[in-house]
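The structure under discussion appears below in the form of structure tokens.
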Amino acid sequence: MLIERMQYGLEESDVLALFDLIDQNVCLINLETKTVTCSRSMQKEISTKEEILLDDWLDLFYVYDQFGIQHSLKHVTKKETLYSKARLLFKTHHQWVRCAFKPLSHRRVAVVIQPLHKDDNSISHHMLLAEYNQKTSKVKESSNVLAAVQEKQTLTDKPPEMNFAELHKQMKAITENFPHGLALINKQWQLTYANPQMERILGKNLQSLYKHKLWQLYPISDYYLFYRHYYMALEMEQPVTFDAYMKERKMYARITIYPTDDGFTIFIQDVTIRKKYLQALQESEKRFSLLADNIKDVFWICDESFMELMYVSPRFSDLFGISLEKRRDDPLCWWKQLTEEGNYDYILEGYRKMRSENCQIEYPITTPSGEVKWIRTRGFPVQEGNEKYIVGISEDITEMKEKEAFMRQSEQLSTITQMSAGIAHEIKNPLTALKGFMQLGAANPELRDSYNDLLLSEVNRIESIVNDFMMLAKPASSKQLEAVNIKQMIDYVLELYQSLIAEKAINIDTSINCGEYTLESDPNRFKQILINIIKNALEAVEYKGTVCIDVICDYSEAKIVVKDNGKGLSEERLKRLGEPFFTTKKDGTGLGIMVTRKMVDDLGGTIKYSSEEGKGTCVAIAFPM
């Protein structure tokens, strides 16, 4: 009588302990928390945990039998023991079981589950309870726990019959609104019921076809695949699920056949959209695999921490010279064995930036075989729901780097050739003059003194060209930084060219807003920059022209703008500004702007030229404070 006495306040642990003594399959259902606690015997039979959710417990039974189980749970609160027969999924097979439902306190229900054999279907409820009483009497003699609640009771009341009318009403409401097609076939292969969804899927009014044989509706010769699975389900006495294409309806269907004592039940689900989606996905994956397998670049996807690699294309080993297993074993530092120590921080910082933005890094590696390569890796973050991933591509840019190096060497060689020709041309002219006048002086000694000024002028021109080249070759490391007063430097340069300003009656407009700011710079280089820029502006303007000098300083930079209203330059000439020996002056060498740019770069500044033909030229220089 143990199951009858559980309502007297035994805890779940006590009830399970008692049933474990007799190796009984029992489940305790808590209707408040929707959880089910299983005895050790039950856990072994169905391979489950001690406590599971009520929905998961119901899924252990056949879908068709779950209605009866739920009905018993709903009506067991009347302090009566209810019985239900259902098919339960054990470890390796389905089996019919008889479930006895007994209400306990605090909205708890005990369910005793007993497997049934074929000849057990006729066992009466009284015989079942008698068996329970016999097993319980063994526990009563050996357990002190049960002695406190032991009472002599005999089962004299006949278990009440289930309200099948109400159950039928509930099941009809469920089947009518079931989202998939459902049909019942009896043992005579006659259609006895089909829900509206089944009629919609098959495109037929099936109510008028009830009691028709199945093959009268769907000939075996045309639907051989269907009938083969039907017979398989009947022979194996277990559900069979398969997919099929229905030509008449032009749709893919997933069909499940459930054998029952009265025949079998058919479920049909329209999976056309899902099937097409899966086919499109498979085709997309096939194309992606074809692409990834036949290009040299390596695609990869990993989590935000770079610890878990979701995908990497097969070219990884070819590119990096190491196996993918080594990459997985050391996900954060695998590249350390391939590159120099000085690149560690650069590469690590690049990968960190990929977590928040699109980032690209380039670094050299040496493969275990000794091959030197340049790798470019680009990566960016991708959000998918609550998960964040990093998607990237690594490519071999060794050939591109070699081409760039070759191009730089070619450009350098071209520049050296051009400059050498320019030097030879610029120095040849004064040398020719010197040689000619020296020859005249040798032939006419009395005229020698009259050529001295001209000879000295040509020598000074040669010296100027050499000095410009020496300035270009002067290393940036030789600069001596100290506080420079910008206003004093500008005043010095203007004073230096006062005679030229007076000769051409040039209007000088200065606006210097530096306050107490001073610039940390090399005085000699800074002075030479101002001399070159201001001198060019003074030489560019006509008589009574205007040169504006504006200086603005703040805590971050000093900006110097020199503007003239001279002839200006065309767009084509402006682009060539700075080329060696390109000049707009009659006696210029074209090296002044090259020297100026070199010195500005050495001091960490920037210089920009803008000009418009007929309106003048503007030079803007910015130095960091």
Side-chain angles (χ1 to χ4, degrees), residues 3-4 6-7 12 15-16 19 24-39 41-43 45-91 93-104 107-117 120-121 123-125 128-129 132 159-178 180 182 184 237-239 256 258-262 264-265 267:
I3 190 171
E4 301 291 353
M6 286 190 292
Q7 60 183 347
E12 280 91 346
V15 175
L16 291 175
F19 276 102
Q24 182 69 55
N25 295 333
V26 63
C27 298
L28 296 181
I29 301 176
N30 191 325
L31 298 177
E32 291 287 349
T33 61
K34 303 293 184 182
T35 56
V36 180
T37 306
C38 303
S39 65
S41 175
M42 192 66 184
Q43 295 173 40
E45 291 286 350
I46 61 177
S47 298
T48 187
K49 297 182 294 186
E50 181 178 358
E51 183 173 288
I52 59 177
L53 297 176
L54 179 58
D55 290 341
D56 295 338
W57 183 77
L58 288 172
D59 286 340
L60 296 172
F61 297 88
Y62 267 41
V63 175
Y64 192 79
D65 299 329
Q66 291 179 13
F67 303 132
I69 299 293
Q70 292 174 335
H71 179 271
S72 299
L73 286 175
K74 182 178 179 180
H75 294 84
V76 77
T77 56
K78 300 176 181 179
K79 303 295 183 180
E80 298 171 341
T81 302
L82 294 182
Y83 299 86
S84 181
K85 189 173 70 171
R87 282 162 296 184
L88 177 66
L89 176 63
F90 287 83
K91 280 186 177 180
H93 64 285
H94 283 83
Q95 187 172 350
W96 283 100
V97 296
R98 179 174 282 116
C99 302
F101 296 82
K102 182 64 182 177
L104 306 178
R107 285 183 55 77
R108 297 176 301 166
V109 178
V111 183
V112 178
I113 300 174
Q114 182 183 22
L116 293 178
H117 301 289
D120 289 336
N121 292 335
I123 296 178
S124 67
H125 300 317
L128 180 62
L129 290 178
Y132 289 159
E161 294 184 359
M162 296 174 63
N163 189 343
F164 288 103
E166 182 179 349
L167 177 60
H168 176 74
K169 183 179 179 181
Q170 292 179 2
M171 291 184 63
K172 183 177 180 181
I174 292 173
T175 55
E176 293 290 331
N177 295 281
F178 197 63
H180 309 310
L182 181 149
L184 302 180
E237 295 186 352
Q238 63 182 19
T256 304
Y258 286 90
T260 66
D261 290 344
D262 300 323
F264 53 88
T265 303
F267 288 95

query = How far apart are the C-alpha atoms of Tyr62 and Gln238, what are their side-chain angles, what is the distance that settles it, and do they pass the side-chain contact (heavy atoms from CB on, under 4.5 Å) test?
reply = CA-CA 10 Å; Tyr62 267 41; Gln238 63 182 19; 4.0 Å; yes
task = For the pair Trp57 and Ile69, evaluate side-chain contact (heavy atoms from CB on, under 4.5 Å) and give the outcome as yes or no after the intermediate values.
result = CA-CA 11 Å; Trp57 183 77; Ile69 299 293; 3.8 Å; yes
Residue pair Lys74, Leu31: steps toward the side-chain contact (heavy atoms from CB on, under 4.5 Å) verdict = CA-CA 10 Å; Lys74 182 178 179 180; Leu31 298 177; over 6 Å; no
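Taking all atoms of both residues into account, the shortest heavy-atom contact from Lys85 to Leu116 is CD-CD1, 3.8 Å. What you find for Ala100 and Tyr83 is that their closest heavy atoms are CB-CE2, 3.5 Å. Residues Val97 and Pro115 approach most closely at CG1-CA, 3.8 Å, considering heavy atoms. Residues Met42 and Leu88 come closest through the heavy atom pair CE-CD2, 3.8 Å. Taking every heavy atom of both residues into account, Leu60 and Ile52 meet most closely at CD1-CD1, 4.5 Å. Listed here is the closest heavy atom pair of Asn25 and Ser41: OD1-OG, 2.5 Å.
The OG1 atom of Thr35 lies 4.5 Å from the CG atom of Asn30; values are rounded to the nearest 0.5 Å. The distance from the CD atom of Gln95 to the CG atom of Leu89 is 11.5 Å, given to the nearest 0.5 Å.
Counting only heavy atoms from C-beta outward, the side chains of Arg108 and Leu28 never approach each other to under 4.5 Å.
Under a 3.5 Å cut-off, the side chain of Thr256 and the backbone N or O of Phe267 do not form any donor-acceptor pair. Looking at Glu50, its side chain never comes within 3.5 Å of a backbone N or O of Gln43 through a donor-acceptor pair. The backbone N or O of Phe61 sits less than 3.5 Å from a side-chain atom of Gln66, completing a donor-acceptor pair.
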